[in-house]
Q: 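Mind having a look at this structure? Questions to follow.
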Amino acid sequence: SGGSGGGGGGGSGGGGNKTTKQFSFKAGIDNDDLERKAKNMVSYLVKGHSCQVTITSSRRNLNIDSDVIMTTLGRLKEIIGGDGNPQGNIKKNEWGNRGTLLFQPVSRKN
C-alpha cells in the first residue's frame, strides 16, 4: 500500500506551505559548481524554503578520502554561512557513500 508520496508537509508549525527543496551534490564537486548550486540553494533559503541536501560519493572518492562527504559539506556550509541552519549532523547510509542533511531557513526577525 502507498509508497512514499511527495507530501512532506506538516512538521514545525508556522512558515506557511513552503516546500522543501532537494539539492544533490557529488562529493568532491569542483568549487565553481559547488558555489553555483549553493548560491541557488541560498536563494531558496532566504525565501523561507527548507533545503534537503544529499551528498553522494563514488567508492573511488571514498577510497582516496574517507571524509570526502564531510569535506564537501564543510565547503557547502561555508558558502551558505548564516543563511541556513543545518539541522543536527549529516545522516549517512550504512556504506557511508551518501549523506543527507536538512537546512532550515534562518528566521529573520526584523
Side-chain angles (χ1 to χ4, degrees):
S1 62
S4 57
S12 53
N17 56 0
K18 296 264 195 272
T19 51
T20 298
K21 300 293 180 185
Q22 305 287 337
F23 286 87
S24 293
F25 295 87
K26 282 213 172 16
I29 180 174
D30 68 57
N31 279 327
D32 292 347
D33 289 344
L34 180 72
E35 201 160 311
R36 193 184 68 244
K37 286 179 93 165
K39 295 221 164 95
N40 186 12
M41 189 175 137
V42 166
S43 73
Y44 283 109
L45 285 165
V46 297
K47 288 180 201 152
H49 293 270
S50 299
C51 293
Q52 177 82 36
V53 170
T54 303
I55 300 173
T56 54
S57 173
S58 64
R59 199 168 292 294
R60 197 171 56 87
N61 264 344
L62 283 171
N63 288 342
I64 298 166
D65 173 9
S66 58
D67 280 335
V68 69
I69 288 180
M70 297 309 289
T71 309
T72 305
L73 178 64
R75 290 160 60 203
L76 182 61
K77 282 181 174 173
E78 262 173 50
I79 298 168
I80 293 167
D83 288 318
N85 255 335
Q87 303 300 296
N89 294 318
I90 194 162
K91 292 177 185 60
K92 291 190 192 172
N93 66 357
E94 58 182 301
W95 299 283
N97 65 343
R98 183 165 181 266
T100 55
L101 182 62
L102 184 68
F103 282 81
Q104 296 281 18
V106 176
S107 52
R108 290 192 161 76
K109 302 271 181 280
N110 295 334

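Sequence positions, counted from 1, serve as the residue numbers for this chain.
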Q: Provide the closest heavy-atom pair for Gly82 versus Val106 in the form atom of the first, atom of the second, distance.
A: O-CG2, 3.1 Å
Q: Rounded to the nearest 0.5 Å, how far apart are OG1 of Thr19 and NZ of Lys21?
A: 3.5 Å
Q: Checking Lys37 side chain against Ser24 main chain: does a donor-acceptor pair fall under 3.5 Å?
A: yes
Q: So which atom in Ile55 and which in Val53 form the shortest heavy-atom distance, rounded to 0.1 Å?
A: CG1-CG1, 3.9 Å
Q: How long is the gap from CZ on Arg98 to NZ on Lys91, to the nearest 0.5 Å?
A: 12.5 Å
Q: Looking at every non-hydrogen atom in both residues, tell me the closest pair between Leu45 and Asp83 and how far apart they are.
A: CB-O, 3.5 Å
Q: Taking all heavy atoms of Tyr44 and all of Cys51, pick out the closest pair and write down the distance.
A: CB-SG, 4.0 Å
Q: Locate the shortest heavy-atom distance separating Leu62 from Trp95; write the atom from each residue and the value.
A: CD1-O, 4.4 Å
Q: Does Asn89, at its CG atom, have more than 12 non-hydrogen atoms belonging to other residues, nucleotides or ligands within less than 6.0 Å?
A: no
Q: Does CZ in Arg75 sit with more than 12 non-hydrogen atoms of other residues, nucleotides or ligands closer than 6.0 Å?
A: yes
Q: When you measure from the side chain of Asn61 to the backbone of Ala27, do you find a donor-acceptor pair of N or O atoms at a distance under 3.5 Å?
A: yes
Q: Using atom types as modelled and distance alone, determine if a side-chain donor or acceptor of Asn93 lies under 3.5 Å from a backbone N or O of Asn97.
A: yes
Q: Under the 3.5 angstrom rule, does the side chain of Asp67 hit a backbone N or O of Met70 as a donor-acceptor pair?
A: no
Q: Are Ile64 and Ile69 linked, directly or through intermediate hydrophobic residues, by side-chain heavy-atom contacts shorter than 4.5 Å (ILVMFWY only)?
A: no
Q: Counting heavy atoms not belonging to Lys26, are there more than 12 under 6.0 Å from its NZ?
A: no
Q: Are Met41 and Leu102 grouped together when hydrophobic residues (ILVMFWY) are joined by side-chain heavy atoms under 4.5 angstrom apart?
A: no
Q: Would you compute the distance between atom CG of Leu34 and atom CD1 of Ile79 and round it to the nearest 0.5 angstrom?
A: 4.0 Å
Q: So how far is it from Thr72 OG1 to Ile29 CD1, rounded to the nearest 0.5 Å?
A: 8.0 Å
Q: Taking all heavy atoms of Thr54 and all of Thr100, pick out the closest pair and write down the distance.
A: OG1-CG2, 3.4 Å
